[in-house]
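Below is one structure, written out as structure tokens; the observations come after it.
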Amino acid sequence: MATRWHGVAAVYDRSFGRLCAGAAPAMVRGLSDVTPARVLDAGTGTGTLAAALADAGHRVTAVDAEPTMIELAAVRRPDVTFVHAALPDLPFADDAFDAAVAGFVVNHVERPRRAVRELARVVRPGGTVRVSIWPGAPASPLSLLWAAVVERSGARPPAGTRLPPEDDFARDAEGLAGLLTGAGLDGATVRKVSWTFSIAPADLWAGVEAGLATIGQTYRAQDAATRRAMRAAYDALTADRPGGLLALPSTALVGSGSVPG
């Protein structure tokens with residue numbers, strides 16, 4: 001997983017990282033019964049969620065598998081401890097934190113069930129584990145935009161890969177709650193959070209050209225002519241937006257559970 005993210009920290013931060021930032025308030029709110037809490041941010045990327053946690057008064061340790069992500073984040077937030085590490089193998093003792101969060105991470109890892117169990121391991125009894133995912137349905141406006149780009153350009157998405165059934169989970173509220181409960185967490189709850197993602201079209205397309213997200217992998221799999229056709233389709237679909245910005249309603253699922261004790 002880390003290889004795909006190598007060297008794209010700045011582009012991610014400019015593009016899809018801004019989309020993910022929309023869920024940060026819901027990830028931080030009511031996270032712990034103590035302040036400051038010792039909080040782990042697993043899969044921090046360029047550190048947006050870690051920064052929000054620190055701004056809320058918590059003592060934050062953040063990890064990521066990609067060193068260039070950590071480097072960018074550490075320059076911005078010297079008050080956060082950044083460590084090069086990744087789920088599902090964290091270099092921390094049992095019960096080391098009061099809470100752990102993973103923003104849009106369990107939908108990327110190869111072993112999501114093991115990843116959540118590892119988050120639970122490093123959190124003290126009574127502490128909180130909180131994760132966010134993109135729901136599988138209904139299709140978001142951003143997903144519909146990418147589908148239209150693919151259809152208009154004639155691009156052919158690469159063959160996808162699915163996790164083994166024993167590792168996978170349904171990308172809906174019930175599936176996320178089951179993932180948390182299956183990791184041994186108590187009182188699993190899932191809530192839907194919504195916001196509007198606003199971005200200049202050129203900034204979002206930069207992430208596509210860098211190979212980020214499913215659409216970026218599709219773009220990279222095409223020949224030069226089809227890549228040009230994808231860009232032309234995107235430009236046509238995003239032209240003449242008010243203020244020159246895309247404004248895309250976005251929704252995520254945020255699940256929380258408590259470590260037994």
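What you see is a predicted model; the values in this text were computed from it and never measured. As a basis for the values below, the full set of heavy atoms in this structure was taken, side chains included, without hydrogen atoms, waters or symmetry mates.
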Is there a side-chain contact between V254 and S132 (heavy atoms, below 4.5 Å)?
-> yes

May I ask you to decide if G255's main-chain N or O and R191's side chain share a donor-acceptor pair within less than 3.5 Å?
-> no

Does E166 CD have over 12 foreign heavy atoms under 6.0 Å away?
-> yes

Under 3.5 Å: donor-acceptor pair, side chain of D41, backbone of A50 = yes

Backbone of L90 reached by a side-chain donor or acceptor of R121 within 3.5 Å = yes

Under a single-linkage definition using a 4.5 Å side-chain heavy-atom cutoff for Ile, Leu, Val, Met, Phe, Trp and Tyr, are L246 and F197 assigned to the same hydrophobic cluster?
-> yes

Side chain of H84, backbone of A65: donor and acceptor closer than 3.5 Å?
-> yes

Looking only at heavy atoms, the pair that brings P249 and A247 closest together is CD-O, 3.6 Å

Can you list the steps and then say if V149 with T218 is a side chain to side chain contact (heavy atoms under 4.5 Å, CB included)?
-> CA-CA 11 Å; V149 168; T218 297; over 6 Å; no

Here the pair of heavy atoms bringing L119 nearest to A42 is CD2-CB, 3.8 Å

So, the side chain of R171 versus the backbone of A137: is there a donor-acceptor pair under 3.5 Å, distance only?
-> no

Within 45° of the ring axis of Y12 and under 6.0 Å from its six-membered ring centre, is that where the NZ or CZ of R14 lies?
-> no

Would you please test S32 and V39 for side chain to side chain contact (heavy atoms under 4.5 Å, CB included) and show each step?
-> CA-CA 9 Å; S32 178; V39 181; 5.7 Å; no

Following the transitive rule for hydrophobic clusters with a side-chain heavy-atom cut-off under 4.5 Å over Ile, Leu, Val, Met, Phe, Trp and Tyr, establish whether L245 and L19 coincide in one cluster.
-> no

Any sub-3.5 Å donor-acceptor pair from S256's side-chain atoms to T189's backbone N or O?
-> no

Salt-bridge contact R111-D89 (side-chain N to carboxylate O under 4.0 Å) = no

With distance as the sole test, does S194 use its side chain to make a donor-acceptor pair with the main-chain N or O of K192 at under 3.5 Å?
-> no

Y234 side-chain N/O to P201 backbone N/O, donor-acceptor pair under 3.5 Å = yes

Can you see which heavy atom on A24 is nearest to which on A52, and at what distance?
-> CB-CB, 4.4 Å

Whether D64 side chain and G45 backbone form a donor-acceptor pair below 3.5 Å | yes

Hey, are the side chains of V28 and D55 touching, using non-hydrogen atoms and a 4.5 Å cut-off?
-> no

Considering non-hydrogen atoms only, spot the tightest contact between A177 and A188 and give its length.
-> O-CB, 3.9 Å

Do R130 side-chain atoms and M27 backbone N/O form a donor-acceptor pair below 3.5 Å?
-> yes

Using 30° and 60° as the class limits, which term best fits the ring planes of F92 and F97: parallel, tilted or perpendicular?
-> perpendicular

Using 30° and 60° as the class limits, which term best fits the ring planes of F104 and W134: parallel, tilted or perpendicular?
-> parallel

Shared hydrophobic cluster for L87 and V63 (ILVMFWY, side-chain gaps under 4.5 Å) = yes

Kindly check if the number of other-residue, nucleotide or ligand heavy atoms within 6.0 Å of CZ (R156) is above 12?
-> no

Write down the atom of F169, the atom of V106, and the distance for their closest heavy-atom approach.
-> CE2-O, 3.9 Å

Decide, yes or no, whether a salt bridge links R38 with D98 under the criterion of side-chain N to carboxylate O below 4.0 Å.
-> yes

Is L72 reachable from F16 through a run of I, L, V, M, F, W or Y residues, each pair having side-chain heavy atoms under 4.5 Å apart?
-> no

Within a strict 4.5 Å, meaning less than it, do heavy atoms of the L142 and L204 side chains meet?
-> yes

Can you check side chain to side chain contact (heavy atoms under 4.5 Å, CB included) on V60 and R77, steps first, answer last?
-> CA-CA 10 Å; V60 184; R77 296 302 298 241; over 6 Å; no

Are D235 and W205 side-chain neighbours, meaning at least one heavy-atom pair lies under 4.5 Å?
-> no

Check G257 against L180 and note the closest heavy-atom contact, atom names and distance.
-> N-CD1, 4.4 Å

Would you mind reporting whether T44 and I70 have side-chain heavy atoms less than 4.5 Å apart?
-> yes

Connected via hydrophobic side-chain network under 4.5 Å: L248 and L212 | yes

Audit row: Q222, V150, side chain to side chain contact (heavy atoms under 4.5 Å, CB included) steps and yes/no | CA-CA 11 Å; Q222 311 307 309; V150 170; over 6 Å; no

